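Everything numeric in this text was worked out from a predicted model, so none of it was measured.
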Amino acid sequence: CPTIFTGHDLGCRFKILENKSNFTPNKEHFLNVVCSHLKSGEGPQNEKRRSEQMRAMLRALNKEDMASVILVDSNTSDLYRKDIVKTEGKDTVLVDNVIHEEGFQNIIPSKHNECFKMRHARGAQQNKFGNIMFDTIDKILIKPGFCSNHECVKPSWVKTLPNKYYEEVL
């Protein structure tokens with residue numbers, strides 16, 4: 001979909017050579033894998049723009065009769081959502097609502113998957129220099145109809161913030 005994938009998104013389609021779970025003879029099965037990075041920025045206008053980008057991408061994928069996995073830096077989070085709903089009301093268009101409306105599900109839990117960092121002082125986003133971040137903005141989206149049984153497993157080598165510090169940092 002050339003109107004969506006404009007430099008920040010990459011989509012690939014993989015042919016599944018052996019499908020043991022739902023095998024239909026002589027039918028080819030494919031998997032779409034999409035990597036995306038939505039525009040950053042706080043506030044309702046930036047969230048609206050991200051929601052429009054997300055909706056266009058998910059609608060394009062919904063036209064395909066195949067499983068899709070979307071790996072996305074959504075640049076939106078629970079903290080953004082709470083602030084936007086507080087100022088704009090509950091009818092505001094939010095990325096998470098769009099994901100749900102289009103029939104997809106984020107399989108990454110928000111809690112204990114936060115990125116904890118301070119922004120470096122280089123690059124084009126000077127307004128972010130020195131910002132401290134503790135939030136979950138990355139998402140892995142699937143269509144539950146194509147993947148009805150999944151489990152989120154954290155590799156043992158991934159470092160996480162100990163529970164005793166979690167609330168204090170948040």
Side-chain angles (χ1 to χ4, degrees), residues 1-42 44-82 84-85 90-117 133-161:
C1 185
T3 59
I4 300 171
F5 305 114
T6 58
H8 281 88
D9 303 312
L10 172 66
C12 300
R13 180 171 291 163
F14 296 93
K15 184 176 181 179
I16 300 170
L17 300 176
E18 186 177 341
N19 185 354
K20 294 180 181 178
S21 63
N22 188 13
F23 182 71
T24 306
N26 302 320
K27 182 180 179 192
E28 292 183 320
H29 295 274
F30 294 90
L31 171 68
N32 285 320
V33 178
V34 177
C35 300
S36 182
H37 182 216
L38 302 182
K39 180 161 179 27
S40 65
E42 297 180 32
Q45 291 306 316
N46 286 308
E47 184 72 4
K48 181 180 178 190
R49 187 175 317 142
R50 286 189 292 270
S51 296
E52 290 167 357
Q53 291 172 312
M54 182 63 74
R55 189 177 306 279
M57 184 183 347
L58 297 181
R59 283 190 174 167
L61 291 168
N62 274 332
K63 291 179 184 175
E64 306 286 333
D65 185 29
M66 65 186 68
S68 297
V69 176
I70 301 99
L71 312 169
V72 61
D73 176 347
S74 71
N75 273 306
T76 192
S77 67
D78 287 342
L79 298 177
Y80 279 13
R81 179 178 44 249
K82 288 174 187 172
I84 291 169
V85 168
K90 292 181 180 180
D91 295 331
T92 304
V93 178
L94 301 165
V95 168
D96 287 344
N97 294 353
V98 168
I99 291 168
H100 178 73
E101 289 166 9
E102 295 300 327
F104 284 81
Q105 176 184 355
N106 178 20
I107 61 172
I108 299 295
S110 293
K111 189 170 182 177
H112 295 296
N113 285 298
E114 293 89 350
C115 176
F116 185 35
K117 68 178 182 181
M133 179 182 161
F134 183 67
D135 214 341
T136 306
I137 62 174
D138 297 318
K139 300 177 186 308
I140 298 176
L141 309 178
I142 61 163
K143 191 102 181 211
F146 286 102
C147 180
S148 59
N149 189 11
H150 64 274
E151 183 179 348
C152 201
V153 178
K154 187 171 287 221
S156 60
W157 52 266
V158 172
K159 293 182 181 180
T160 60
L161 187 69

Review item, side-chain donor-acceptor pairs of residues 68-76, under 3.5 Å, at least two apart:
{"residue": "Ser68", "atom": "OG", "partner": "Asn32", "partner atom": "ND2", "Å": "3.4"}
{"residue": "Asp73", "atom": "OD1", "partner": "Asn75", "partner atom": "N", "Å": "3.2"}
{"residue": "Asp73", "atom": "OD2", "partner": "His37", "partner atom": "NE2", "Å": "3.3"}
{"residue": "Ser74", "atom": "OG", "partner": "Thr76", "partner atom": "N", "Å": "3.3"}
{"residue": "Ser74", "atom": "OG", "partner": "Thr76", "partner atom": "O", "Å": "3.2"}
{"residue": "Ser74", "atom": "OG", "partner": "Ile137", "partner atom": "O", "Å": "2.6"}
{"residue": "Asn75", "atom": "ND2", "partner": "His37", "partner atom": "NE2", "Å": "3.2"}
{"residue": "Asn75", "atom": "ND2", "partner": "Leu38", "partner atom": "O", "Å": "2.7"}
{"residue": "Thr76", "atom": "OG1", "partner": "Glu47", "partner atom": "OE1", "Å": "2.6"}
{"residue": "Thr76", "atom": "OG1", "partner": "Glu47", "partner atom": "OE2", "Å": "3.0"}

Review point. Would you call Glu101 and Arg55 a side-chain contact if the rule is heavy atoms closer than 4.5 Å?
Key: yes

**Study point:** Interatomic distance, Asn106 atom CG to His100 atom NE2 [nearest 0.5 angstrom]
**Key:** 13.0 Å

Exercise for review: Taking the side chain as every heavy atom from C-beta outward, state whether Asn62 and Phe104 have any pair of such atoms under 4.5 Å apart.
Suggested key: yes

**Study point:** Residue pair Thr92, Val85: steps toward the side-chain contact (heavy atoms from CB on, under 4.5 Å) verdict
**Key:** CA-CA 7 Å; Thr92 304; Val85 168; 5.6 Å; no

Practice item. Working to the nearest 0.5 Å, report the span between CG of Leu61 and NZ of Lys143. Key: 9.0 Å

Point to revise | Lys139 side chain near Asp96 side chain, heavy-atom distance below 4.5 Å | key: yes

Point to revise | Shortest non-hydrogen contact between Pro144 and Gly103, atoms and distance | key: CD-O, 3.3 Å

Practice item. Measure across Ser36 and Met57 and return the closest heavy-atom pair with its distance rounded to 0.1 Å. Key: OG-CE, 3.3 Å

